[in-house]
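Take this structure first; my questions come after.
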Amino acid sequence: MATAKPAREVNTANVNQIPIAIIGATGYTGMELVRLLSFHPGVSIVALTSRQQAGEKYGILNHTLEELDVPKIAKKVKGVFLCLPHHEAMNTAQEFRSWGVKVIDLSADFRLKKVETYEKWYGKHTQKKLIQEAVYGLPELHRAEIASAKLVAAPGCYATTNILALTPLLAEKMILPHDIISDSKSGVTGAGRSAQVDSLFSEVNDSFKAYKIASHRHTPEMEQELSIVAGEEVTLLFSPHLVPMDRGILSTIYARPTRKWTTAQLLKAYKKFYKNEKFIKILPEGSWPATKQVRGTNNCLISVLYDARTERIVITAALDNLTKGASGQAVQCFNLMFGFAEEMALTQTALIP
Ligand SMILES: NC(=O)c1ccc[n+]([C@@H]2O[C@H](COP(=O)([O-])OP(=O)(O)OC[C@H]3O[C@@H](n4cnc5c(N)ncnc54)[C@H](OP(=O)(O)O)[C@@H]3O)[C@@H](O)[C@H]2O)c1
């Protein structure tokens with residue numbers, strides 16, 4: 001009888017590999033990190049944590065989930081990915097930083113530069129000093145700062161889509177900064193893996209709904225980053241929607257032009273702005289992105305149109321909320337922080353169908 005192949009060993013670090021830990025490894029972003037980092041030749045996963053499944057084997061990996069014990073893990077790793085809910089991440093980030101470990105936090109805890117803005121949208125912040133040390137982890141805007149950062153705040157999934165979609169037009173002053181409407185639709189994994197009535201199959205399947213219109217928590221980080229790009233205050237009306245699919249975000253954004261443009265002029269601005277970006281794909285005139293085209297990839301597809309009849313610019317952008325919207329982007333930041341090629345472990349093509 002053939003003997004079974006031994007499970008893949010993940011906890012013996014090669015000298016050339018960076019030992020890392022994933023904190024909150026049983027959630028959707030944690031599992032996506034394991035998937036992506038399994039392709040990364042420069043990484044050794046040495047710890048995966050979970051409170052509820054501590055002691056259990058982790059999927060196909062020869063690794064046992066463990067409780068979060070910061071001193072024990074910090075002694076073994078150089079970098080950690082925090083895949084915890086907001087509020088849970090901030091103190092854990094501080095503890096790892098006190099051990100000199102570089103932190104990539106996927107929660108919202110260090111994305112907002114103004115403490116009062118964080119506290120208005122999320123509640124009390126207990127690690128205020130660390131906020132200024134954190135770099136907003138969108139490589140297309142903050143590449144050099146991320147490369148030297150010790151603490152990176154990976155952006156939200158909706159935020160990544162909308163910031164990438166609007167940046168070239170605001171940078172080139174082609175749209176008015178106070179008349180922007182984003183109508184964004186997300187798959188259900190955007191809400192995380194914990195049991196909630198709103199995410200049940202019978203609530204979500206065969207339905208399509210808007211939620212948190214003009215009050216979603218990604219609004220302040222989008223306005224923060226877009227205001228930096230524009231050099232003036234940007235306000236955005238943000239309308240999120242829930243779509244009965246697992247992964248993906250599609251945003252349709254409406255903006256007023258600063259003067260009459262042609263679609264060709266707008267496309268030229270996007271191509272110029274993103275000419276060296278490997279993960280941003282500008283679609284030809286008349287093509288519109290679909291979430292299936294980005295599933296499991298770190299790409300963001302963008303299309304733009306000037307509608308002369310209504311004097312509006314319409315931008316459409318698609319990405320995978322778990323990849324470019326979360327874990328893929330976190331790996332992109334990790335690569336910059338540890339001196340790897342930025343696209344390492346991130347060159348997968350879309351999983352179709
Ligand atoms: N889902 C997305 O598309 C997405 C995109 C961008 C950013 N994010 C952000 O990334 C972070 C992780 O998101 P996710 O979707 O992976 O969440 P999730 O699926 O709910 O997973 C959360 C993970 O954290 C652990 N955990 C530890 N303490 C916890 C606590 N007090 N409450 C709940 N879970 C706790 C959970 O395992 P145990 O309960 O066993 O400890 C689990 O492994 C969040 O801050 C989220 O906002 C998510």
Side-chain angles (χ1 to χ4, degrees), residues 4-49 57-66 73-83 96 99-106 135 137-140 142-152 154 160 247 276-281 294-300 319-320 322-351:
K5 243 179 155 181
R8 191 162 157 226
E9 191 64 63
V10 292
N11 55 358
T12 45
N14 172 313
V15 280
N16 298 318
Q17 290 178 320
I18 305 291
I20 65 99
I22 299 171
I23 310 303
T26 52
Y28 287 139
T29 61
M31 293 194 295
E32 179 74 350
L33 273 167
V34 171
R35 181 179 79 89
L36 296 170
L37 291 174
S38 302
F39 292 100
H40 201 305
V43 166
S44 169
I45 301 171
V46 300
L48 299 170
T49 79
K57 284 273 178 215
Y58 186 90
I60 56 159
L61 300 180
N62 182 23
H63 206 102
T64 304
L65 288 157
E66 58 189 277
I73 294 173
K75 283 177 198 151
K76 298 192 286 188
V77 302
K78 293 204 171 120
V80 290
F81 293 88
L82 303 185
C83 301
F96 276 112
W99 283 87
V101 174
K102 291 186 186 177
V103 174
I104 299 164
D105 176 24
L106 280 83
V135 174
L138 191 61
E140 289 76 9
H142 300 292
R143 181 164 285 116
E145 295 159 87
I146 294 167
S148 57
K150 307 278 190 291
L151 170 58
V152 162
T160 300
R247 290 165 173 253
N276 296 321
E277 297 299 341
K278 296 193 168 59
F279 298 116
I280 314 297
K281 316 281 182 199
V294 289
R295 193 148 66 118
T297 81
N298 202 47
N299 295 334
C300 177
L319 52 71
D320 185 325
L322 292 178
T323 320
K324 183 58 175 165
S327 307
Q329 183 137 270
V331 171
Q332 202 181 339
C333 292
F334 169 88
N335 286 337
L336 288 166
M337 293 163 84
F338 285 90
F340 293 107
E342 195 173 323
E343 66 276 22
M344 195 164 278
L346 297 172
T347 52
Q348 297 87 344
T349 53
L351 192 61

Can you find a pair of side-chain heavy atoms, one from Met31 and one from Tyr58, that are under 4.5 Å apart?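 Yes, their side chains come closer than 4.5 Å.
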Could you pull out the closest heavy-atom pair between Phe279 and Asn298, with the gap in Å?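 Distance-wise, the nearest heavy atoms are CB-O, 3.3 Å.
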Are side-chain heavy atoms of Ile146 and Met337 found at a separation under 4.5 Å?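 Yes. Closest side-chain heavy atoms under 4.5 Å.
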Could you grab the distance from atom CZ of Arg143 to atom OG of Ser148, nearest 0.5 Å is fine?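 Arg143 atom CZ to Ser148 atom OG measures 13.5 Å (nearest 0.5 Å).
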For the backbone of Leu336 and the side chain of Glu342, can you confirm whether one donor and one acceptor N or O come within less than 3.5 Å of each other?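 No; judged by distance alone, with no hydrogens or angles, the pair does not exist.
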Would a 4.5 Å heavy-atom cut-off, applied to side chains only, mark Thr29 and Leu322 as touching?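 Side-chain contact under 4.5 Å: yes.
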What pair of heavy atoms forms the shortest contact from Ala25 to Leu65, and how long is it?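 Nearest pair, atom of Ala25 first, then Leu65: CB-CD2, 4.2 Å.
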Positive for side chain to side chain contact (heavy atoms under 4.5 Å, CB included) with Val43, one of Leu37, Asn335, Val331: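 For Val43, the side chain to side chain contact (heavy atoms under 4.5 Å, CB included) test succeeds with only one of Leu37, Asn335, Val331, which is Leu37.
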Val294 side chain near Cys300 side chain, heavy-atom distance below 4.5 Å: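 Contact flag for Val294/Cys300 side chains = no.
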More than 12 heavy atoms from other groups under 6.0 Å of NZ on Lys76: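 Correct, the count exceeds 12.
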Nearest heavy-atom neighbours spanning Gly24 and Thr49: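 Answer, listing the atom of Gly24 first, then Thr49: N-OG1, 3.1 Å.
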For Thr349 and Thr297, which heavy atoms make the closest approach, and how far apart are they?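 It is C-CG2, 3.5 Å.
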Hey, what do you get for NZ (Lys78) to CD1 (Ile20), rounding to the nearest 0.5 Å?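 Here the rounded value is 13.0 Å.
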Report yes if some heavy atom in the side chain of Phe96 is under 4.5 Å from a heavy atom in the side chain of Ile73; otherwise report no.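 The answer is yes, as the side chains (C-beta and beyond) meet within the 4.5 Å cut-off.
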Could you measure the distance from the CG atom of Leu106 to the CD atom of Glu32? Nearest 0.5 Å is fine.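 It is 10.5 Å, given to the nearest 0.5 Å.
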Using a 3.5 Å distance criterion without hydrogens, assess whether the side chain of Ser44 forms a donor-acceptor pair with backbone atoms of Ile18.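 Between the backbone of Ile18 and the side chain of Ser44 there is no qualifying donor-acceptor contact (under 3.5 Å).
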Compare all side-chain heavy atoms of Glu140 with those of Gln332 and state whether any distance is below 4.5 angstrom.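 Glu140 reaches Gln332 side chain to side chain.
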Test log, rule side chain to side chain contact (heavy atoms under 4.5 Å, CB included), inputs Asn299 and Ile280: CA-CA 6 Å; Asn299 295 334; Ile280 314 297; over 6 Å; no
Worked verdict on Thr323 versus Gln348 for side chain to side chain contact (heavy atoms under 4.5 Å, CB included): CA-CA 11 Å; Thr323 320; Gln348 297 87 344; over 6 Å; no
If you compare all heavy atoms of Pro19 against all heavy atoms of Val46, which two are closest, and at what distance to 0.1 Å?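 Taking every non-hydrogen atom into account, CB-CG1, 3.9 Å.
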Measuring from atom OG of Ser327 to atom CD1 of Ile104, what distance do you get when rounded to the nearest 0.5 angstrom?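 These two atoms lie 10.5 Å from each other.
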If you define the side chain from C-beta out and look only at heavy atoms, does anything of Val80 sit under 4.5 Å from Ile22?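 Not touching, per the 4.5 Å side-chain cut-off.
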Shortest non-hydrogen separation from Leu33 to Cys83 and the atoms involved: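 Minimum heavy-atom separation between Leu33 and Cys83: CD1-SG, 3.4 Å.
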Quick one: are Phe334 and Lys102 in side-chain contact, heavy atoms under 4.5 Å?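 No; the side chains remain at least 4.5 Å from each other.
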Does Lys278 NZ have over 12 foreign heavy atoms under 6.0 Å away?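 Atom NZ in Lys278 is not packed in, count stays at 12 or less.
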